[in-house]
Amino acid sequence: MDTYLITLLSDQQPRRMRVIENILTNRHTVTTLFWGLRYGILNWLGSDRQLVRADFDGQLRQMQDDGLLQLDNQFILLTSQGKAVQAQFLSQHYQPRFTSDYLNYQVNAAWPRLMFASQVISEFSYENAKYAPISFEDHELRYVKRWFAANKSAAIIQDFKDELTGFLGTLSETEATFMTELLVGHDSPGLSIDQLTGKLKLPSIDGEIMANDLIVGLMQYADQQTTLLKQLFADLHLESPMSHSGYVTYQLFVANHSIAQIEQQRFLKLSTVREHLLEAAIFDGPQFPYQRLLTAEQLADFDAQYAGNIDDWQVQNVSGDKNLDFFNFRLFQIMRSTSHE
Amino acid sequence: MNEQQLHEVLQQQFGFDDFRPGQQPVIEAILNHQDTLAILPTGAGKTLLYQLPARILPGSVIVISPLLSLMQDQVNRLRQLGEKQVTMLSSIQTRAQQQATMNHLAHFKYIFASPETITKTEVMAQLKQIKIAMIVIDEAHCVSQWGPEFRPQYLLLKTLLADVSHDVTLMLTATATQRVQDDILIKLGLRVRQVTVVRQSVNRPNIFLSVQTSTSQTDKQTQLLQLVKTLGGAGIVYFSSRKQTSQVAQWLQEQTGLNVAAYHAGMSQTTRYKIQHQFMNNQLQVICATSAFGMGIDKEDIRFVIHYHVPANLENYVQEIGRAGRDGQQSLAVILYSPGDEYIQVNLSDLTIPSDAVVNDFMSGQVKAEQLGDVGDLLDFYRSQHLQAEQIIQIFQQQRQKNRHNLDQLLQYVNTTECRRAVILNYFGEQLLNHNESCCDGFDNPLNIEQLGLKKIEKTSIKPNVQSWQSRLNQLYFVKS
């Protein structure tokens with residue numbers, strides 16, 4: 001069975017099936033995020049929000065029936081046959097390469113935005129003002145209209161085209177064709193992703209993955225090398241991949257507020273503040289100020305206590321405060337996970 | 001405004017020489033500030049019915065529509081016609097977006113909204129601050145529990161009409177039996193005698209009506225393939241399931257070499273836009289779709305509409321086949337029927353109408369509205385109207401019975417050996433003038449595509465080949481040299 005799910009599995013590390021499902025469907029719990037970090041699949045967070053459990057379980061069952069994986073108490077491990085099929089899969093399917101930025105943009109909104117902007121420029125180039133915009137949302141209409149008005153001149157057509165050409169030139173012919181055929185323009189609604197995979201003889205499951213990946217690539221490129229496109233995508237930058245509330249907590253923490261102060265200022269429970277900080281550590285990796293929460297002494301103790309595979313560590317109670325012990329333990333796990341990677 | 005002036009507006013502002021049947025009396029009544037119920041078949045040009053008066057009457061026009069997709073289609077059409085001041089209050093807007101729209105209501109000539117949204121206290125308060133020329137109630141049959149698509153939220157509109165001052169009300173529907181017609185006016189609190197009713201026949205004489213029976217799914221597929229091969233395009237094949245639209249579209253494309261695509265509400269907004277416009281631009285010959293496809297399709301030369309599954313009722317059927325032959329040329333409507341197909345509709349109806357257990361679980365708080373989707377919204381609505389569980393259960397039982405009854409009427413159409421058109425017209429309270437060879441396949445007059453002059457016109461292949469990305473960019477963004 002052909003599914004990108006196989007790329008999220010390992011033959012070395014048993015992986016919790018519900019964590020993988022929660023990553024795909026964007027469940028922002030600390031447990032999901034921590035294990036997503038451990039499995040190296042955090043960038044796929046929220047990449048398949050429509051995923052239905054029955055389909056997810058069905059895919060796993062099919063792989064199990066085909067002898068590709070073992071399912072033990074909700075833990076998945078690829079068999080050697082599964083490992084071989086995974087390698088084969090990777091060689092035959094599109095391999096996303098802009099994943100590192102998936103969590104920094106509002107990826108879902110990017111294609112509709114680009115398609116609409118393309119339509120506006122195209123209709124302008126054909127001097128046509130009466131057309132049905134591909135976008136319905138007032139916000140999108142207003143944003144693109146404002147973008148267009150701010151840049152409107154005879155040169156905008158060539159400039160827009162040049163900026164796109166700049167990025168498309170860095171892609172393979174197939175990828176560049178894939179992108180341009182998706183665009184919408186005057187008398188030319190473009191093709192759907194399914195139609196395109198058919199015409200370009202690509203595996204149908206590659207379509208969505210490729211479209212997502214390439215638009216992130218374009219946004220990256222736009223930030224560095226363009227003006228029009230950079231403005232077009234400007235509001236799709238996320239302030240942080242964290243939950244909004246978690247982000248607010250972390251900003252206070254970075255500004256040297258103590259956990260107790262944050263609790264008071266934000267009317268939050270201690271355990272919630274701690275969860276926010278764990279989330280911050282997961283996303284911020286080595287930049288997280290661990291030394292403010294773990295003393296040198298604690299670190300030395302932990303290093304003496306915990307060794308070997310981080311996945312297998314078990315929390316040990318030392319202070320009599322379970323929540324605190326777990327917080328310190330998990331923080332240390334994250335610290336060691338991100339510093340080793 | 002006299003007739004000549006009206007024609008001048010039509011020509012100068014809209015570029016048409018003549019009104020389509022039914023349009024003129026409706027527009028005249030509206031301009032005379034008479035509340036009007038327009039029962040006009042699909043394709044009669046309903047946008048113009050409010051767009052033309054909107055150009056003349058001062059104030060905003062509120063258009064109420066039951067579905068987001070319907071609203072989007074209408075909004076899109078208006079924008080395509082060059083109207084800029086169009087907005088939509090909808091559930092997909094965030095609170096802030098909705099507030100931003102509300103603050104600028106007076107700036108919009110057209111305000112689209114669902115009945116639930118438009119009757120919210122804060123929205124009504126805002127509406128009272130602005131000048132309203134006209135309230136348009138689209139799909140007005142939804143207010144009648146005798147109609148096939150009763151939506152209790154429509155009952156709230158009576159309050160809107162009574163409380164928000166406006167010059168005139170226009171109610172639009174494609175089909176309505178006499179009973180539904182009367183019920184619409186009563187439920188909206190209007191006096192039957194004071195409302196102008198403009199009704200056009202549901203009859204579409206240029207569409208040949210046929211039903212082909214098969215004994216198995218394989219047979220049915222063969223029949224479909226044969227029809228599509230002979231007919232070519234443009235055509236629509238309707239299905240009850242989303243999954244099948246994709247499967248059959250792919251299969252038909254492989255088997256016929258035509259460009260065929262699927263369309264259903266589960267696809268992304270951008271994909272639906274593309275498929276719809278490819279079809280209108282003749283890049284696609286055949287669409288395999290659920291009933292989501294068709295609203296807002298302005299294509300004159302659709303030659304056939306095939307139903308792979310029986311529709312739920314004659315109202316839907318007449319609307320769906322009405323998309324064929326708007327250019328007046330000979331067209332064809334076929335139902336592919338195998339005995340037992342009706343159970344698909346019965347099951348669908350069971351799925352959309354909540355069971356007694358679901359109602360009880362909801363009312364006792366064991367199940368939340370969010371967990372139930374559309375059904376949840378409906379239950380939420382009934383609860384907000386202070387209905388008890390037993391009353392709601394009873395409403396749903398009646399709904400089920402009504403659906404069964406409507407389906408039975410449709411099966412009469414499928415099973416008749418006599419004139420099919422007569423069955424339809426009779427249902428809508430009309431009389432058939434005469435049955436002849438180009439009417440339907442009743443009275444042993446089997447479908448003969450060649451005789452009807454419907455044979456496929458061999459066109460040169462218009463299959464869009466994928467071009468190089470550089471030429472695609474040149475085509476998209478035309479730079480004058």
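Every chain is numbered from 1, with letters handed out A, B, ... down the list of sequences. Remember, predicted model here, so these are calculated numbers, not experimental data.
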### Query
Heavy-atom distance under 4.5 Å to chain B: side chain of A:Ser135, backbone, both or neither?
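For A:Ser135, the backbone is the part near chain B, not the side chain.
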### Message
Between A:Phe124 and chain B, with a heavy-atom cut-off of 4.5 Å, which part of the residue counts as in contact: side chain, backbone, both or neither?
### Response
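Neither part, no heavy atoms under 4.5 Å.
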Under 4.5 Å from any heavy atom of chain A, what part of [X] do you find: side chain, backbone, both or neither?
{"X": "B:Glu83", "result": "neither"}
{"X": "B:Thr101", "result": "side chain"}
{"X": "B:Arg472", "result": "side chain"}
{"X": "B:Gln269", "result": "side chain"}

### Task
For chain B, find its close neighbours in residues 233-242 of chain A: heavy-atom separation under 4.5 Å, sorted by number, or none.
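Result: none.
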### Message
Quick check on the structure: residues of residues 116-123 of chain A within a heavy-atom distance below 4.5 Å of chain B, by number.
### Response
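Interface residues of residues 116-123 of chain A: A:Ser118, A:Gln119, A:Ile121, A:Ser122.
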### Query
Taking atom CG of B:Asn474 and atom NZ of A:Lys161, what is their separation to the nearest 0.5 Å?
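It is 4.0 Å, given to the nearest 0.5 Å.
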### Nearest-0.5 Å distance that lies between atom CG in A:Leu141 and atom CE in B:Met88
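Result: 9.0 Å between the selected atoms.
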### Query
Passes side-chain contact (heavy atoms from CB on, under 4.5 Å), A:Gln195 versus B:Leu284? Steps please.
CA-CA 11 Å; A:Gln195 288 174 326; B:Leu284 287 171; 4.0 Å; yes
### Task
Would you name the heavy atoms of A:Lys199 and B:Val466 that are closest together and state the gap between them?
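Between these two residues, the closest heavy atoms are CD-CG2, 3.5 Å.
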#### Entry: Heavy-atom closest pair, residues B:Phe478 and A:Ile157
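In this case the closest contact between B:Phe478 and A:Ile157 is O-CG2, 3.9 Å.
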### Message
Heavy-atom pairs under 4.5 Å with chain B: which of A:Gly169, A:Ala176, A:Gly198 has the most?
### Response
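Looking at each of A:Gly169, A:Ala176, A:Gly198 in turn, A:Ala176 comes out on top.
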